2 protein chains.
Amino acid sequence: MGVPLQEAAPLFAALGDGTRLQLLARLGSGGPHSITDLSRASALSRQAITKHLGVLSGAGLVRSRRQGRECIWELEPGRLDDAHRYLEGISRQWDEALDRLRAFVEG
Amino acid sequence: MGVPLQEAAPLFAALGDGTRLQLLARLGSGGPHSITDLSRASALSRQAITKHLGVLSGAGLVRSRRQGRECIWELEPGRLDDAHRYLEGISRQWDEALDRLRAFVEG
DNA sequence: TTCATGCGCAACCTCCTGGTTGCACATTAT
DNA sequence: ATAATGTGCAACCAGGAGGTTGCGCATGAA
C-alpha cells in the first residue's frame, strides 16, 4: 500500500504550521525564491524562515540549489502526492468500514 | 476556495503524530472504539490516548458519544476530505506554475 | 580593495507537546 | 452494599519547536 505510518507522521507534522504552509503556497504559486526574498515577505527573521525551510526539506517537500551567494528553494511536488495517497488510504478504510457496518445492519 | 491557511495548519498538525495516525487507522479500519479499548492496544497510558483523541477532536477529525460509562470514539470522515482538498490546492498551484514556466521557456 | 549582501552556525529563551501519576466521580457488576 | 471498571481533571515533568540575536564567512558590486 501507499505510505507507512513512520513516514507519514513527520510529513504531516511538517505541513502542520501556518508559516510553512505559507511558504509552500508562495513557492507553489510564485515559483522558486531565495531565503532573503521569502523572509522579506514574512515579518519573521531570515533564520526563522531558514529553519522552516529545513523542516520542509527534511520532510522531502522542498529542495534547494545554491546559485551564487543565494540559496534558491522550490517545491518538490511528488511528496504532496504521498500525503495525498495516505489520506486516501484512511478514507478508503473508513468507507469500507461503513460498508461492512451497513451490510451487518441490513442483514 | 477550499480550505484557508488558518484552518489547514492545525488540521495537519493533528495528523502529524504517529500515535494519532495509528488511532485514526484503527478507528478507520476497526470502527468505533472506547478509550480503554484503544489504550489497551497502544502501550501508552489511557490519559495519553485521551489527550490524543482530544487533539483529533479539536481538529474535527473524530467525534465521541457517551454510552453508559464508556466513551465511544469514531471517525468524522469529512475532515479528511478537507485536508485532501487543501493538498490538491497546492499541487494545482504548483502545476500551474510549471505550466507558466514551460510556456515562458518555450517562448 | 573595499563595501554590501546573502547565508550558515551556535547560543539562548520561552512556550507547547507528549507523557506520566494520583485522585475523584459515575456507572456497571457481584 | 461493595467492588470493579471507565472517565475526567489537575499537577507535574522532560524535551522539542519556534523564535531571536550575534558572529563569521563567502560571494557579488563599487
Side-chain angles (χ1 to χ4, degrees), chain A residues 5-27 30-74 83, chain B residues 5-27 30-76 83:
Chain A
L5 274 178
Q6 300 87 335
E7 196 177 347
L11 178 52
F12 286 121
L15 292 171
D17 180 279
T19 302
R20 289 197 285 271
L21 286 182
Q22 280 184 278
L23 287 173
L24 287 181
R26 181 99 195 271
L27 293 178
H33 285 281
S34 78
I35 296 180
T36 302
D37 201 2
L38 290 170
S39 63
R40 258 194 280 265
S42 160
L44 290 183
S45 74
R46 173 182 57 89
Q47 292 302 325
I49 301 298
T50 298
K51 283 191 185 181
H52 281 299
L53 289 171
V55 174
L56 290 172
S57 167
L61 285 162
V62 96
R63 130 192 57 165
S64 73
R65 63 173 186 276
R66 196 74 189 238
Q67 181 175 306
R69 64 183 164 187
E70 295 189 341
C71 194
I72 309 294
W73 290 81
E74 64 186 357
Chain B
L5 274 178
Q6 301 88 334
E7 194 176 348
L11 178 52
F12 286 122
L15 293 172
D17 180 280
T19 302
R20 289 197 285 270
L21 286 183
Q22 280 185 277
L23 287 173
L24 287 180
R26 181 100 195 271
L27 293 178
H33 285 282
S34 78
I35 296 179
T36 302
D37 202 1
L38 290 170
S39 61
R40 258 194 280 265
S42 159
L44 290 183
S45 74
R46 173 183 57 89
Q47 292 301 327
I49 300 297
T50 298
K51 283 192 184 180
H52 281 298
L53 289 171
V55 173
L56 289 173
S57 168
L61 285 162
V62 97
R63 130 193 61 176
S64 73
R65 63 175 187 275
R66 196 73 190 239
Q67 180 176 305
R69 65 183 163 187
E70 295 189 341
C71 195
I72 309 294
W73 291 81
E74 64 185 357
L75 274 191
E76 187 106 49

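Predicted model, so just to flag it, every value in this text is computed and none were measured. Reminder, nothing fancy here: chain letters follow the sequence lines and each chain counts from 1.
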Looking at every non-hydrogen atom in both residues, tell me the closest pair between [X] and [Y] and how far apart they are.
| X | Y | result |
| --- | --- | --- |
| Thr36(A) | Ser39(A) | O-OG, 2.9 Å |
| Glu70(A) | Ser34(A) | OE1-CB, 4.1 Å |
| Leu27(A) | Val62(A) | CD1-CG2, 3.5 Å |

Notebook entry, point to check: Can you find a side chain N or O atom of Arg20(B) that sits less than 4.0 Å from OP1 or OP2 on dG18(C)?
Noted result: yes
Next item on the list: Tell me which nucleotide among dT20(C), dT28(C), dG18(C) gets nearest to the side chain of Ser45(B).
Entry: dT20(C)
Checklist line | Atom pair CZ (Arg65(B)) and CD (Glu74(B)), whose distance is rounded to the nearest 0.5 Å | finding: 5.0 Å
Check: Which value, rounded to the nearest 0.5 Å, describes the distance between Leu38(A) atom CG and Leu44(A) atom CG?
Finding: 11.5 Å
Item checked: Terminal contacting nucleotides, 5' and 3', DNA chain D versus chain B (heavy atom, 4.0 Å) -> dA4(D) to dC9(D)
Next item on the list: Tell me which of Arg40(B) and Leu44(A) sits closer to the 5' end of DNA chain D, going by the nucleotide each one is nearest to.
Entry: Arg40(B)
Next item on the list: By nearest nucleotide on DNA chain D, pick out whichever of Ala13(A) and Gly68(A) is the more 5' one.
Entry: Ala13(A)
Whole-Å distance between [N] [atom2] and [X] [atom1]?
| X | N | atom1 | atom2 | answer |
| --- | --- | --- | --- | --- |
| Glu70(B) | dA26(C) | CD | C1' | 13 Å |
| Trp73(A) | dG6(C) | CH2 | P | 17 Å |
| Asp17(A) | dC16(C) | CG | P | 14 Å |
| Ile35(B) | dT27(C) | CD1 | P | 15 Å |
| Arg69(A) | dG8(C) | CZ | P | 14 Å |
| Arg66(B) | dC25(C) | CZ | C1' | 10 Å |
| Ile72(A) | dG8(C) | CD1 | C1' | 16 Å |

Item checked: Donor-acceptor pair under 3.5 Å, Arg46(A) side chain vs dG8(C) base -> yes
Margin query: Is there, by distance only and without an angle test, a donor paired with an acceptor across the side chain of Gln47(A) and the base of dC9(C) below 3.5 Å?
Written below: yes
Note to self: Any non-hydrogen side-chain atom of Ile72(B) less than 4.5 Å from a side-chain atom of Asp37(B)?
What the structure shows: no
Notebook entry, point to check: Under 4.5 Å between any side-chain heavy atoms of Leu75(B) and Leu61(B), yes or no?
Noted result: no
For residues 11-19 of chain B, run the donor-acceptor check on the side chains, cut-off 3.5 Å, and write out each pair with its distance to 0.1 Å, sequence neighbours left out.
{"unit_1": "Asp17(B)", "atom_1": "OD1", "unit_2": "Thr19(B)", "atom_2": "N", "d": "2.8"}
{"unit_1": "Asp17(B)", "atom_1": "OD1", "unit_2": "Arg20(B)", "atom_2": "N", "d": "3.1"}

Item checked: For DNA chain C, the residues among residues 49-64 of chain B that have a non-hydrogen atom under 4.0 Å from it -> Lys51(B), His52(B)
Next item on the list: Check the pair Ile49(A), Ser42(A) against side-chain contact (heavy atoms from CB on, under 4.5 Å), reporting the backbone distance first and the verdict last.
Entry: CA-CA 8 Å; Ile49(A) 301 298; Ser42(A) 160; 3.5 Å; yes
